[in-house]
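Just below is one structure, and these are the notes that go with it.
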Amino acid sequence: MGQRDLEAALPAGVDPRRYARVLAQVHEAALSGKALPSRPRAVIGASWQRMRRFGMDPDSRAAAPVLTFEELEARRRASGLAEALPTLRSGLISLAEQAAHIMVIADAGGAVLWRDGSAAVRRRADGLGFVEGVDWQEESVGTNAIGTALVARSPVQVYSAEHYVRAQHSWTCAAAPLHDPRDGRLLGVVDLSGPASTVHATTLALVDAVTRLAESQLRTTHLTELERLRGFAVPVLAKVGGPAVVADEHGWVAAAAGLAPVDRIALPTGLAPGRVWLPAYGNCAVEPVPGGWLIRPTGNEAAPPTRVVLDVRSPREPELTVSSAAGTWTHRLSPRHAEMLYVLASRRDGRSASELSADLFGDAGRTVTVRAEMSRLRRHFGGILGAKPYRFADDVEVVVRRPSAPEAVLPHSLAPAIRG
């Protein structure tokens, strides 16, 4: 895992209490419309702007919605986070107790699923309404590490008056998103929170490191499961006697026979047994096997795609729908792939690797990353994407479904283009 640049809320060498007073002055000036004595950090300033668009009351003490016990248990089961709990607890709870913090794990919708750590801080959090089952998204409780990390999709630390709601100014929190390594889907956010007096510049790095360790262990578990499926797949493919692959439910290929080897194939959302069109192989017959799918190209001429719909109305679950005479196929995208396809949909004449790099990262030099991601996209959706330059095929109609409300939260690199 490579090193990431993390921005701590507290600048190195700065006295925390004095800095909290400066933040309070910035917060008051921002709310009153006066000249700012200094600018908030970019991630905080962007969040405050969202709060104003939401009409968030900075003096609000209204309780955020809380799930019932049955709803909380259902969210826990559906979250995909339970597998990561042992790693997160072993890496963070003892430190949280020693440092007067609590460890909080929220799902991708911002619901607090688990809360452990210092008993005294848990009692203090109870008074804030920061309890298991509460909705801790920005829309519900203002700028905070959990909700803001969900929007920014990157690790965030929030200190004192960086929180939009004044009732949270006595807190500090650091949170990092946790993704499913099988499909890149955001599972939730891991957070350490405590009294503002306990703020430390290294907390964010610690949370990020433990979160990435949990992702790594999820990846190891997946590889073990894939190896188990491979042991089952080999004899199955031998009996088929023709071109076929066995893939897990996320499209990762366990074994193949008579087909060009690929690591993963894009499977449609809600795949069911029967006939289906897949970008990688055309028309296929699909049968369930324990732990995945047996996929056999039928050899029939596949109808070329005629229409593509890129749906970014829900930034946390962007989707691509491909239609042809053979039917319609929908696949959930990672945020990065949604961003790349959005740029290509906006630039039908195509983009070079350096142009796409500048569009996505503000840096034309990250062409290696762009080429690697576009290679994955073209393996998945080869029938609709071209190269040199990267573009959607000329004979494919491309439709982008975007949020209509101006306050809609979008992946940061998409937001300017969509709102503009």
Side-chain angles (χ1 to χ4, degrees), residues 7-10 16-32 36 40-66 96 99-106 109-113 115-118 120-152 155-176 188-201 203-204 207 409:
E7 184 185 32
L10 187 67
R17 286 178 294 183
R18 183 176 301 168
Y19 191 59
R21 289 194 292 270
V22 171
L23 291 175
Q25 294 170 0
V26 173
H27 183 270
E28 291 302 318
L31 294 182
S32 63
L36 300 181
R41 294 183 296 139
V43 67
I44 300 301
S47 178
W48 287 359
Q49 289 179 5
R50 290 191 293 272
M51 297 310 99
R52 286 193 285 270
R53 289 198 298 271
F54 292 149
M56 175 68 63
D57 179 2
D59 293 310
S60 172
R61 289 186 174 271
V66 179
H101 276 63
I102 52 175
M103 181 195 77
V104 180
I105 300 174
V112 172
L113 301 186
R115 197 189 67 164
D116 292 290
S118 166
V121 178
R122 276 186 280 141
R123 287 192 296 270
R124 182 170 176 172
D126 290 343
L128 189 66
F130 192 20
V131 297
E132 289 183 344
V134 72
D135 179 359
W136 217 247
Q137 296 181 91
E138 283 190 337
E139 298 94 317
S140 295
V141 294
T143 304
N144 71 91
I146 291 173
T148 305
L150 283 171
V151 177
V156 174
Q157 186 175 28
V158 180
Y159 171 56
S160 188
E162 288 185 323
H163 293 90
Y164 191 77
V165 175
R166 289 187 176 93
Q168 300 170 30
H169 285 190
S170 60
W171 286 80
T172 182
C173 46
V189 170
V190 181
D191 169 84
L192 279 181
S193 290
S197 59
T198 65
V199 66
H200 199 286
T203 305
L204 184 61
V207 174
V409 178

**Message:** What's the separation between atom CG in D191 and atom CD1 in I146, rounded to the nearest 0.5 Å?
**Reply:** 4.0 Å
**Message:** Measuring from atom CZ of R41 to atom OG of S47, what distance do you get when rounded to the nearest 0.5 angstrom?
**Reply:** 10.5 Å
**Stepwise side chain to side chain contact (heavy atoms under 4.5 Å, CB included) check, V158 with I44** = CA-CA 8 Å; V158 180; I44 300 301; 4.1 Å; yes
**Minimum heavy-atom distance between A100 and V121, given as atom pair plus value** = O-CG2, 3.4 Å
**Prompt:** Any donor-acceptor pair under 3.5 Å linking the side chain of T172 with the backbone of P195?
**Reply:** no
**Asked** Any Lys/Arg nitrogen of R122 or E132 sitting under 4.0 Å from an Asp/Glu carboxylate oxygen of the other?
**Response** no
**Complete:** For A175 and V189 the tightest heavy-atom approach is CB-CG1, 3.4 Å
**Prompt:** Within a strict 4.5 Å, meaning less than it, do heavy atoms of the N144 and F130 side chains meet?
**Reply:** no
**Fill in**
Heavy-atom nearest pair, V134 first then A64, reads CG2-CB, 3.6 Å
**Request:** Quick one: closest heavy-atom pair of R115 and A125, and the distance?
**Result:** NH1-CB, 3.5 Å
**Request:** Quick one: pull up CG in L36 and CD in Q25 and give me the separation to the nearest 0.5 Å.
**Result:** 11.5 Å
**Message:** Contact between V199 and Y19 at the side-chain level, heavy atoms closer than 4.5 Å - yes or no?
**Reply:** no
**Message:** Can you give me the closest heavy-atom contact between S160 and H163, atom names plus distance?
**Reply:** O-ND1, 2.9 Å
**Message:** If we ignore hydrogens and angles and just use 3.5 Å, is the side chain of T148 paired with the main-chain N or O of A145 as donor and acceptor?
**Reply:** no
**Prompt:** Nearest 0.5 Å, what's the CD-OG distance between Q168 and S193?
**Reply:** 9.5 Å
**Prompt:** Do the side-chain N and O atoms of T143 and E162 include a donor-acceptor pair separated by under 3.5 angstrom?
**Reply:** no
**Prompt:** Which residues pass the side-chain contact (heavy atoms from CB on, under 4.5 Å) test with R61, sequence neighbours left out?
**Reply:** A167
**Message:** For W48 and V26: C-alpha separation, side-chain torsions, deciding distance, then whether side chain to side chain contact (heavy atoms under 4.5 Å, CB included) applies.
**Reply:** CA-CA 11 Å; W48 287 359; V26 173; 4.0 Å; yes
**Request:** Provide the closest heavy-atom pair for S140 versus P65 in the form atom of the first, atom of the second, distance.
**Result:** OG-CD, 4.4 Å
**Prompt:** In chain order, what residues pass the side-chain contact (heavy atoms from CB on, under 4.5 Å) check against M56, with sequence neighbours excluded?
**Reply:** M51, Y164, V165
**Asked** When you look at CZ of R17, are more than 12 heavy atoms from neighbouring residues, nucleotides or ligands closer to it than 6.0 Å?
**Response** no
**Request:** Could you tell me whether a side-chain N or O of Q157 sits under 3.5 Å from a main-chain N or O of H200, the two making a donor and an acceptor?
**Result:** yes
**Message:** Checking the side chain of H101 only, and the main-chain atoms of S118 only, is there a donor and an acceptor separated by less than 3.5 Å?
**Reply:** no
**Request:** Go through the steps to decide whether R166 and L31 satisfy the test side chain to side chain contact (heavy atoms under 4.5 Å, CB included), and finish with yes or no.
**Result:** CA-CA 11 Å; R166 289 187 176 93; L31 294 182; 3.5 Å; yes
